Amino acid sequence: MTDCLKITADNIATAAGVLANGGLVAFPTETVYGLGANACDGDAVAAIFAAKQRPSFNPLIVHFADLDTLKQHVHWTPEAELLAQAYWPGPLTLVLRKQPDSPISELVSAGLDTIAVRLPAHDSARAILRSFGGGVAAPSANRSGQISPTTAQHVIDSLGARVDAILDGGPCKVGVESTIVGLTDKPVLLRPGGITEKELAQTLGRHLAVRHK
């Protein structure tokens, strides 16, 4: 049975150690529970895809504790700066060009030259990320195709022993995945979420293109 840990300083350190050793940790964010792995460890990232039964062509979002660390991995843009100042930390993911010397695993971005990145607002998520000290790839902590998890029990029900540790931070506040905006060319809304297209357009001072599935 996978350990379900309360949010304490010791358990946050334990979770960071699991990540550092290539394990999988489910943890709360303000949106949904994420299934985290060291983004620079290809084997750990592969374990995310296996646990979720997720297609390997579907990129993952990398979470960071601070903007300075995040910027080491991507080509930062003026539009990214505007959105980061307005919405980070928070439920917004930006897709940016990857720095050629970034050690983040190619599995994270499914072989593309971009990385999806965000700074979560949840205190416990940020504490884990700070303790770990690097980027954590973390899609929603559920089997692909299932309803996104907003409690630790949802993670247990969906993934069970496929996760090495679960941190129980109570129910997530937002309950839907982060809004995703592509910034490799003109701004594109890739996935709607808690931050609306109208809000984004007001911040950028221009309309966003919208990708339709």
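It should be emphasised that the depicted structure is a prediction, and the values quoted were computed from it without experimental measurement. Index from 1, following the sequence.
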Quiz item: With hydrophobic residues grouped by side-chain heavy-atom distances under 4.5 Å, do Leu189 and Leu96 end up in a single group?
Solution: yes

Exercise. Check whether the side chains of Gln72 and Asp68 place a donor and an acceptor atom closer than 3.5 Å, and report yes or no.
Key: no

Exercise. Test side-chain contact (heavy atoms from CB on, under 4.5 Å) on Leu83 and Leu200 and set out the steps.
Key: CA-CA 8 Å; Leu83 294 175; Leu200 294 166; 3.8 Å; yes

Quiz item: Would you find a donor on one side and an acceptor on the other, under 3.5 Å apart, between the side chain of Ser131 and the backbone of Ala127?
Solution: no

Quiz item: Looking only at atom types and distance, does a side-chain atom of Asn11 sit under 3.5 Å from a main-chain N or O of Ile7, one as donor and one as acceptor?
Solution: no

Practice problem: Rounded to the nearest 0.5 Å, what's the gap from OG1 on Thr184 to CD1 on Ile115? Could you check? | Solution: 13.0 Å

Exercise. Look at the side chain of Arg54 and the backbone N and O of Phe49, then say whether any donor-acceptor pair between them is shorter than 3.5 Å.
Key: no

Exercise. Provide the closest heavy-atom pair for Val188 versus Leu208 in the form atom of the first, atom of the second, distance.
Key: C-CD2, 4.3 Å

Quiz item: Quick one: do the Gln53 and Ser144 side chains pair a donor with an acceptor below 3.5 Å?
Solution: no

Exercise. Mind checking the CG-CD1 spacing from Leu167 to Ile128? Nearest 0.5 Å is all I need.
Key: 4.5 Å

Quiz item: Side chains of Asp66 and Thr69: is there a donor and an acceptor less than 3.5 Å apart?
Solution: yes

Quiz prompt | Where Pro149 and Val32 come nearest, the two heavy atoms and their spacing | solution = O-CB, 3.2 Å

Quiz item: Rounded to the nearest 0.5 Å, how far apart are CG of Leu24 and CG of Asp164?
Solution: 5.5 Å

Practice problem: Tell me, with the steps shown, if Lys52 and Arg162 meet side-chain contact (heavy atoms from CB on, under 4.5 Å). | Solution: CA-CA 9 Å; Lys52 286 178 59 69; Arg162 292 168 180 250; over 6 Å; no

Quiz item: Out of curiosity, does Val45 fall in the hydrophobic cluster containing Val136 (side-chain heavy atoms, cut-off under 4.5 Å, transitive links)?
Solution: no

Self-check item: Those residues that, when tested against His154, pass ring-ring contact (aromatic ring centres under 6.0 Å, His included) (two or more places apart)
Solution: none

Quiz item: How far apart are the C-alpha atoms of Asp113 and Lys98, what are their side-chain angles, what is the distance that settles it, and do they pass the salt bridge (charged side-chain N to carboxylate O under 4.0 Å, His left out) test?
Solution: CA-CA 6 Å; Asp113 65 349; Lys98 181 180 179 180; over 6 Å; no

Practice problem: Please find out if less than 6.0 Å separates the ring center of Phe27 from that of His122. | Solution: no

Quiz item: Closest heavy-atom contact between Val181 and Leu190?
Solution: C-CD1, 4.3 Å

Quiz prompt | More than 12 heavy atoms from other groups under 6.0 Å of CD on Glu106 | solution = no

Quiz item: Using a distance-only test with no angle check, is there a side-chain donor-acceptor pair under 3.5 angstrom linking Ser109 and Thr114?
Solution: no

Self-check item: ILVMFWY cluster, Leu129 and Leu5 together (side-chain gap under 4.5 Å)
Solution: yes

Quiz item: Are any side-chain N or O atoms of Glu30 and backbone N or O atoms of Lys173, one a donor and one an acceptor, separated by less than 3.5 Å?
Solution: no

Quiz item: Got a second to check how far Leu183's CG is from His75's NE2, nearest 0.5 Å?
Solution: 13.5 Å

Quiz item: Checking Tyr33 side chain against Gly169 main chain: does a donor-acceptor pair fall under 3.5 Å?
Solution: yes

Quiz item: Shortest non-hydrogen contact from Ala137 to Ile48?
Solution: O-CD1, 3.5 Å

In residues 85-92, what donor-acceptor pairs under 3.5 Å come from side-chain atoms, sequence neighbours left out?
residue: Gln85; atom: NE2; partner: Glu81; partner atom: OE2; Å: 2.8
residue: Tyr87; atom: OH; partner: Glu199; partner atom: O; Å: 3.0
residue: Tyr87; atom: OH; partner: Thr203; partner atom: OG1; Å: 2.6
residue: Trp88; atom: NE1; partner: Leu92; partner atom: O; Å: 2.7

Quiz item: Do the side-chain N and O atoms of Thr29 and Arg118 include a donor-acceptor pair separated by under 3.5 angstrom?
Solution: yes

Quiz item: Out of curiosity, Thr179 OG1 to Ile195 CD1, how far, rounded to the nearest 0.5 Å?
Solution: 5.0 Å

Quiz prompt | Intermediate values then yes/no, side-chain contact (heavy atoms from CB on, under 4.5 Å), Phe64 and Val117 | solution = CA-CA 8 Å; Phe64 293 91; Val117 293; 3.7 Å; yes

Practice problem: Scan side-chain atoms only and decide if Ser140 and Asn142 contain a donor-acceptor pair under the 3.5 Å cut-off. | Solution: yes

Quiz prompt | Taking every non-hydrogen atom, the tightest pair across Gly42 and Ser105 | solution = CA-OG, 3.6 Å

Quiz prompt | Nearest heavy atoms of Pro139 and Leu60, plus distance in Å | solution = CG-CD2, 3.8 Å

Quiz item: So Ile61 and Ile180, side-chain contact (heavy atoms from CB on, under 4.5 Å) or not? Walk me through it.
Solution: CA-CA 10 Å; Ile61 297 170; Ile180 302 179; 4.2 Å; yes

Practice problem: Would you sort out whether Gln146 and Ser158 count as a side chain to side chain donor-acceptor pair (under 3.5 Å), showing the intermediate values? | Solution: CA-CA 8 Å; Gln146 294 185 350; Ser158 185; 2.5 Å; yes

Practice problem: Could you tell me the separation between the CD atom of Gln202 and the CD atom of Glu197, rounded to the nearest 0.5 Å? | Solution: 11.0 Å

Quiz item: Will you find, in the side chains of Arg191 and Ser178, an N or O donor that is under 3.5 Å from an N or O acceptor?
Solution: yes

Quiz item: Can you hop from Ile104 to Leu67 via hydrophobic side chains spaced under 4.5 Å?
Solution: yes

